[in-house]
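A short write-up of the structure that comes next.
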Amino acid sequence: MRNLKVKQDLGQGLQEAQDILNNYLQERGMNHTPERDYILWVIYHLDVPFDVDSLHKLVCEEKALICRVTVYNNLLLFVEAGVVARFQPFVNGSQFFEKCIGQKPHGYQVCRRCGAIKVISMADSIEPISNQIRSTFHTSQICLYVLGLCNTCYKEERHEVRLKQLAIKLEKERRQRAKLKMPASRKKKRYTSIKDVKRDQELQALQEKKRKK
Ligand SMILES: [Zn+2]
């Protein structure tokens, strides 16, 4: 969970998002609630992506208590209405959200291990893609997510892999040493064919004869 902060000088795209949401609710005969408007207002005054718990904490700090379920259900509604985007890039299933109306094309690098999110500059590279899909797709947001590992997590993961490999090697060596120490009589013989069994029986019979002599 990260500490979010409302930035009063933001709010770009809020009016358009509010209009889209109002239209969405009206078409479906759904209610307009002050909590809903307030949650949307908060989202459009953030400059970073967020998770449900961080948003819930901020909403409660800023205004009256609104339960987590209400915050989450409204987030899902905003995603449905197309005013908030949801991303689920992590193996553990955790997800994060961000406002998506009136935003400049941008990108994020997301560490799949620690969840750190950093904004990356998109410059003009997204324009050709935008032009290409304009006639066939109603775009609400253009955003690029680069998934991978931050330097710290990369080092940690390599270190863990090396430790695991070392543990496997040591265990293999321990088993080999234990095998060598085992008395010959206790070693199990593995026969791969009937011939092997017969040869072994003949050998044992011969040794028995010699002993009797
Ligand atoms: Zn990381």
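Since we're looking at a predicted model, the values are computed, not measured.
Note: F78 and Y44 fail the aromatic proximity criterion, with ring centroids not under 6.0 Å apart. Taking the six-membered ring for Trp and the full ring otherwise, the centers of F97 and F87 sit at least 6.0 Å from each other.
Residues that satisfy the side-chain contact (heavy atoms from CB on, under 4.5 Å) test with R177, not counting sequence neighbours, are E173, R174. Applying the salt bridge (Lys or Arg N to Asp or Glu O under 4.0 Å) rule to E156 yields the partners R113; only residues at least two apart in sequence or on another chain are considered. Considering only residues two or more places apart in sequence or on other chains, D37 meets the salt bridge (Lys or Arg N to Asp or Glu O under 4.0 Å) condition with none of them. Remark: E61 engages K57 in a salt bridge (Lys or Arg N to Asp or Glu O under 4.0 Å) (not counting sequence neighbours). Qualifying salt bridge (Lys or Arg N to Asp or Glu O under 4.0 Å) partners for R162, counting only residues two or more places apart in sequence or in other chains: none.
In this structure the side chain of I101 never reaches within 4.5 angstrom of the side chain of Q12, judged on heavy atoms. At least one side-chain heavy atom of L55 sits under 4.5 Å from a side-chain heavy atom of I43. A 4.5 Å side-chain heavy-atom check between L46 and E98 finds every atom pair outside the cut-off. A heavy-atom distance below 4.5 Å is not found between the side chains of K118 and Y108. Looking at heavy atoms from C-beta onward, R175 lies in side-chain contact with E171 at the 4.5 angstrom threshold. Residues I39 and V42 fail the side-chain proximity criterion, which asks for heavy atoms closer than 4.5 Å.
Minimum heavy-atom separation, L14 to L40: CD1-O, 3.9 Å. For the pair G82 and C100, the tightest heavy-atom approach, listed with the atom from each and the gap, is O-SG, 3.4 Å.
How far CD of Q165 is from NZ of K169: 10.5 Å, rounded to the nearest 0.5 Å. Atoms CG and CE, from N22 and M30 in turn, are 12.0 Å apart once rounded to the nearest 0.5 Å.
Tracing side-chain contacts under 4.5 Å through hydrophobic residues (I, L, V, M, F, W, Y), one never reaches V84 starting from L10; they form parts of separate clusters.
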Show which side-chain atoms of residues 65-72 pair as donor or acceptor with protein atoms under 3.5 Å away, not counting sequence neighbours.
| residue | atom | partner | partner atom | Å |
| --- | --- | --- | --- | --- |
| R68 | NE | D53 | OD1 | 2.6 |
| R68 | NH2 | D53 | OD1 | 3.3 |
| Y72 | OH | Q95 | NE2 | 3.1 |

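Between the side chains of D19 and Q15, at least one donor-acceptor pair of N or O atoms lies under 3.5 Å.
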